[in-house]
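These figures come from a predicted structure and were not determined experimentally.
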Amino acid sequence: MASSQDAWYLSLLGLAEHFRTSSPPMIKLCIQCLQAVFNFKPPPRVEARTHLQLGNILLTHTKNTDLAKNHLEQAWLLSQMINTFDDVKFEAASVLAELYEQQQQISLSKPILRKAIELSQHNVYWHCRLIFQLAQIHATEKDYQLASSLLGVGVDYAHISNASYTRVLFLLSKGMVCHCLMAGQVKSVKPCLKQLQQSIQTIMATDDVFTGPSVGDMFLWMPKEHLYVLVYLVTVMHSMQAGYMEKAQKYTDKALMQIEKLKIVDNKPILSVFQLMLLEHIIMCRLVMGNKTQALQEISSAVSLCRQNPRLLETHGPQLHTLLGLYSMSMNCMEAAEAQFMAALNMSRERELWTFANLNLAIVYLRGKREGDFNALHDRINPESLPSHSHSLRAAAYYVQGLQAFFQGRYNEAKRYLRETLKMANAEDLNRLTSCSLVLLGHIFLSLGNSRESMNMVTPAMQLASKIPDVHVQLWASAILKDLYRMCNDPQNENEAYQRHVNFSQMLLNDHFQASQMPEHNLIMWTQGNFPTITNSPSTSGVLIL
């Protein structure tokens, strides 16, 4: 039976909870009851828990963050001295660290989280959650190496603790920090992606991960079926960046099929986001593979999704304009391409997309011999001072500089830039950049009359482009090979190269004509406001019409 002193503060805590859960809540009375607890000199456990409750309530229901911070600091200080008091101790550390972060006092957040991580090694749930929180702070500070290292600790800890679901969360996070996929470092992320794919298979084979033996799997971030789609999406992103277009296509098909099944049961908004991101990546793959017609159909599908969900257009509008810009470039509609990239730049505040759009805009200017406009972009696309942390975009920036030097006949300078691209592309298995750089180097050596060096560049470019497959590089390489074999007096290989060139040209021309006849082609004229009305036509049977 509770002592009279216990009865006082237990009554006050009960009354405070009654006021907090009333409808509407009576927060002022709730706070007064909790503050009154301290008058009875409660035991340290009650005192610490009351400070935590007050801190949370003040943060949620008032603007008095200083008082909230004071209570949370007291809760953290007191709870550290009490054994087996995990829920209060680690919640106080987590909330206090988050508050410091919101107040731009990250230097105060990190030591609290490090201490809490050290103390929580016996508690799987809190240990994992606190590691995530500290890793997020390091990622926000762009200390990606430390964030990645910390997430790696989480991967191992979750594995030892038999927390398969949480291990996938760590692996996903590790794969998405800028040291990996978002920075175009596809080679670095490969081992992590393999572990992720194995882990998701384990989870999908389990009936219910949340009734399993591990309390560490209590992070219900998203249902395992959604997580399965997300792993497919990360795999598609990786495949596209690495230049494995057919693999990206295979996993996109699987993911889209899974999304359609899930939408029938429960059409969650996140599924449309996944669907749109998958379409964004596969559209770029189709354009590389020379399939503009299918790319246009998938752009139309993306537009349809944005019509149904206006919020998606707000968040993915710049990406949609960028895709339309890439499609316009592939169709040689350079005015439309420029307008689309400008629309993307005007709408986007996302650094990597902004850099990507600028690099493509620079190529539009080079192809149009608009030297002045290209020079005006110089600071935005200079690889030495690129406003991007992306390895692949920096490598691409060297390529664009090499392309400009080539067009101006500054061959030695062009070679220097392209060798830098090759070095960076080879370091991270960026196959498409490698093939583009090799074929351009081959063209440069051909222009210099060095047929042997040209052959040494163009032959591997052709092989790599065939593997991707990149039809445009194959077209370019076959034209150079035709000239090289003629110079070497090798009529058989010259004729084979010529025939390949004719086949690629014909395929691209047929596809170009088909795409230009589709009503969706008019989307290249849309740069703002409502989407243009698209009407059906007899020549587009089987195409998704809006």
Side-chain angles (χ1 to χ4, degrees), residues 236 240 245 248-249 252 256 259 272-348 350 353-354 356-361 363-365 367-368 471-472 508-546:
V236 168
M240 189 209 77
M245 302 302 163
Q249 188 175 313
T252 298
L256 290 175
I259 287 170
S272 293
V273 174
F274 288 162
Q275 191 175 355
L276 190 53
M277 290 179 75
L278 284 161
L279 286 169
E280 286 166 4
H281 285 83
I282 199 61
I283 288 162
M284 287 189 275
C285 292
R286 304 282 192 219
L287 292 174
V288 169
M289 295 166 78
N291 196 337
K292 297 182 280 286
T293 307
Q294 202 157 357
L296 190 54
Q297 290 175 23
E298 283 153 347
I299 288 172
S300 178
S301 296
V303 166
S304 182
L305 271 175
C306 290
R307 268 193 204 278
Q308 295 161 26
N309 306 279
R311 174 81 183 121
L312 282 179
L313 184 57
E314 285 178 40
T315 53
H316 289 258
Q319 289 91 322
L320 201 50
H321 285 299
T322 303
L323 291 170
L324 284 166
L326 294 172
Y327 168 76
S328 301
M329 280 176 80
S330 74
M331 294 293 287
N332 290 318
C333 301
M334 292 303 166
E335 283 186 23
E338 180 182 8
Q340 291 297 339
F341 290 132
M342 292 302 290
L345 289 167
N346 289 334
M347 288 177 70
S348 179
E350 207 278 307
L353 181 68
W354 196 76
F356 182 73
N358 272 316
L359 286 168
N360 281 286
L361 191 57
I363 294 174
V364 169
Y365 292 152
R367 286 171 62 175
V471 174
H472 302 90
L508 285 168
L509 279 170
N510 290 343
D511 183 62
H512 185 286
F513 177 75
Q514 194 177 344
S516 68
Q517 299 303 300
M518 291 167 62
E520 291 86 353
H521 179 74
N522 291 328
L523 283 168
I524 67 173
M525 308 311 293
W526 167 73
T527 53
Q528 60 181 354
N530 295 328
F531 292 111
T533 303
I534 297 172
T535 54
N536 202 348
S537 66
S539 63
T540 57
S541 57
V543 175
L544 177 61
I545 303 300
L546 303 179

Is the number of heavy atoms from other residues, nucleotides or ligands within 6.0 Å of CE (Met334) greater than 12?
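Result for CE/Met334: enclosed.
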Applying side-chain contact (heavy atoms from CB on, under 4.5 Å), can you list everything that pairs with Gln528, at least two apart in sequence or on another chain?
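Testing Gln528 for side-chain contact (heavy atoms from CB on, under 4.5 Å), a comparison that skips the adjacent residues, returns none.
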Within this structure, what is the [atom1]-[atom2] distance for the pair [X] and [Y], rounded to the nearest 0.5 Å?
X      : Y      : atom1 : atom2 : result
Gln294 : Ser300 : CD    : OG    : 12.5 Å
Met525 : Cys333 : CE    : SG    : 8.5 Å
Trp354 : Asn346 : CH2   : CG    : 11.0 Å
Leu279 : Leu305 : CG    : CG    : 6.5 Å
Leu312 : Cys306 : CG    : SG    : 5.5 Å
Leu523 : Met518 : CG    : CE    : 9.5 Å

Would Gln340 and Thr322 count as a side chain to side chain contact (heavy atoms under 4.5 Å, CB included) if you check the C-alpha gap in whole Å, the side-chain angles of each, and the deciding distance to 0.1 Å?
CA-CA 6 Å; Gln340 291 297 339; Thr322 303; over 6 Å; no
Could you tell me which non-hydrogen atom of [X] sits nearest to which non-hydrogen atom of [Y], and how far apart they are?
X      : Y      : answer
Leu320 : Val303 : CD2-CG2, 4.0 Å
Ala248 : Val236 : O-CG2, 3.7 Å
Ile363 : Met329 : CG2-CE, 3.7 Å

Quick one: does [X]'s side chain have a donor or acceptor within less than 3.5 Å of a partner on [Y]'s backbone?
X      : Y      : value
Ser516 : Phe513 : yes
Asn291 : Leu287 : no
His512 : Met331 : yes

Partners passing salt bridge (charged side-chain N to carboxylate O under 4.0 Å, His left out) against Glu280 (at least two apart in sequence or in another chain):
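So Glu280 forms no salt bridge (charged side-chain N to carboxylate O under 4.0 Å, His left out) with any residue.
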Could you tell me if Thr293 and Gln297 have a donor-acceptor pair between their side chains, going purely by distance under 3.5 Å?
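No donor-acceptor contact under 3.5 Å links the two side chains.
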Here the salt bridge (Lys or Arg N to Asp or Glu O under 4.0 Å) pairs for residues 291-301, sequence neighbours left out, are Arg286-Glu298, Lys292-Asp511
Name all pairs fulfilling the salt bridge (Lys or Arg N to Asp or Glu O under 4.0 Å) condition that reach into residues 327-337, sequence neighbours left out, sorted by first residue then second.
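Not a single pair qualifies under salt bridge (Lys or Arg N to Asp or Glu O under 4.0 Å).
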Any side-chain heavy-atom pair from [X] and [Y] closer than 4.5 angstrom?
X      : Y      : value
Val288 : His472 : no
Asn358 : Phe341 : no
Leu345 : Leu361 : yes

Derivation and outcome, side chain to side chain contact (heavy atoms under 4.5 Å, CB included), residues Met289 and Gln249:
CA-CA 11 Å; Met289 295 166 78; Gln249 188 175 313; 3.5 Å; yes
Among Leu278, Ile299, Leu296, Thr252, exactly one meets side-chain contact (heavy atoms from CB on, under 4.5 Å) together with Ile283. Which residue is that?
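One option only clears the test, and that one is Ile299.
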Side chain to side chain contact (heavy atoms under 4.5 Å, CB included) between Leu276 and Asn309, worked out
CA-CA 11 Å; Leu276 190 53; Asn309 306 279; over 6 Å; no
Could you pull out all residues at least two apart from Trp526 that satisfy ring pair (Phe, Tyr, Trp, His ring centres under 6.0 Å)?
His321, Phe531
Applying ring pair (Phe, Tyr, Trp, His ring centres under 6.0 Å) to Tyr327 and not counting sequence neighbours gives His521
